[in-house]
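Below you'll find the structure, written out as structure tokens, and then a few comments.
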Amino acid sequence: MIDLARNIRLWFAPEQVRQDGRTPDYRFSLANERTFLAWLRTALALIGGGFAVDQFLPDLRWAWRVGLALALLGAGALCSLRAVNHWMRCERAMRRGEDLPVSRFPAMLSVVVAVVAVAMVFVVLVGWEG
């Protein structure tokens, strides 16, 4: 838990990350930043999808609509938080000359998106009114 609090503090203090280890080749830092931005685009797409399900499917049963929308919104929020955490962890690892950190988050996000997609297929096949 203490590690998590320290990591969150580092999100807002990038100058402390820069003091750790040696400066890596700028191409690696830029690639890390592009990956961060890709995760943010994914988060925005998930959030947009959550709002779209809620706003543009009014005939869908309330429980289905809210459940699918909340799953997408929650995945988007987690994705955005994970993006900054992963950026910081990778930057620190590169500066220290360590292996890049591994994560189960991409697999978990894929499962959530797949479950929402299967639920949407079910809703389309069965009908919106149920």
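Connectivity analysis of hydrophobic side chains (ILVMFWY, heavy atoms under 4.5 Å, direct or indirect) links Y26 to L30.
Annotation: salt bridge (charged side-chain N to carboxylate O under 4.0 Å, His left out) contacts involving residues 67-80, sequence neighbours excluded, are absent. Pairs of residues two or more places apart, or lying in two chains, never qualify as salt bridge (charged side-chain N to carboxylate O under 4.0 Å, His left out) while including a residue from residues 103-124. Contacts classified as salt bridge (charged side-chain N to carboxylate O under 4.0 Å, His left out) and involving residues 26-53 (residues at least two apart or in different chains) are given here: D25-R27.
Using a 4.5 Å cut-off between side-chain heavy atoms of Ile, Leu, Val, Met, Phe, Trp and Tyr, with links allowed through other members, V102 and F28 fall into different hydrophobic clusters. L70 and V111 are members of different hydrophobic clusters when ILVMFWY side chains are connected at heavy-atom separations under 4.5 Å. Two different hydrophobic clusters hold L37 and L44 under the rule that ILVMFWY side chains link at heavy-atom gaps under 4.5 Å. A continuous path of hydrophobic side-chain contacts links M108 to L78 [ILVMFWY only; heavy atoms under 4.5 Å]. W62 and V116 fall into different hydrophobic clusters, where Ile, Leu, Val, Met, Phe, Trp and Tyr are joined by side-chain heavy atoms under 4.5 Å apart, directly or via other members.
Side-chain contact between T42 and L109 is present, with heavy atoms from C-beta onward closer than 4.5 Å. At a threshold of 4.5 Å between non-hydrogen side-chain atoms, the residues L73 and L46 do not count as touching.
Not counting sequence neighbours, the partners of F105 by the ring pair (Phe, Tyr, Trp, His ring centres under 6.0 Å) test are W39.
What you find for L68 and M120 is that their closest heavy atoms are CD1-SD, 3.0 Å. Here the shortest heavy-atom pairing between A43 and G76 reads CB-O, 3.3 Å. The minimum heavy-atom distance linking L57 with R65 is given by the pair O-CD, 3.3 Å. Contact between A71 and V112 at its shortest, heavy atoms only, is O-CG1, 4.3 Å.
For the side chain to side chain contact (heavy atoms under 4.5 Å, CB included) test with V121, the passing option among L125, V123, V118 is L125; the others fail.
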Next on the checklist: Checking I47 against L72 for the side chain to side chain contact (heavy atoms under 4.5 Å, CB included) test, could you report, in this order, the C-alpha distance in whole Å, the side-chain angles of both residues, the deciding distance, and whether it holds?
Outcome noted: CA-CA 6 Å; I47 292 167; L72 289 169; over 6 Å; no
Item to check | side chain to side chain contact (heavy atoms under 4.5 Å, CB included) evaluation trace for R9 with Q16 | outcome: CA-CA 10 Å; R9 277 197 307 270; Q16 287 182 2; 5.9 Å; no
Please table the atom pairs, donor to acceptor, closer than 3.5 Å between any side-chain atom in residues 81-94 and protein atoms at least two apart or in another chain.
unit_1 : atom_1 : unit_2 : atom_2 : d
R82    : NE     : S103   : OG     : 3.4
R82    : NH2    : S103   : OG     : 2.7
N85    : OD1    : W11    : NE1    : 3.4
E91    : OE1    : N32    : ND2    : 3.3
E91    : OE2    : S29    : OG     : 3.1

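Side chain of R22 to main chain of R96: no donor-acceptor pair is present (N/O by atom type, distance under 3.5 Å, no hydrogens or angles).
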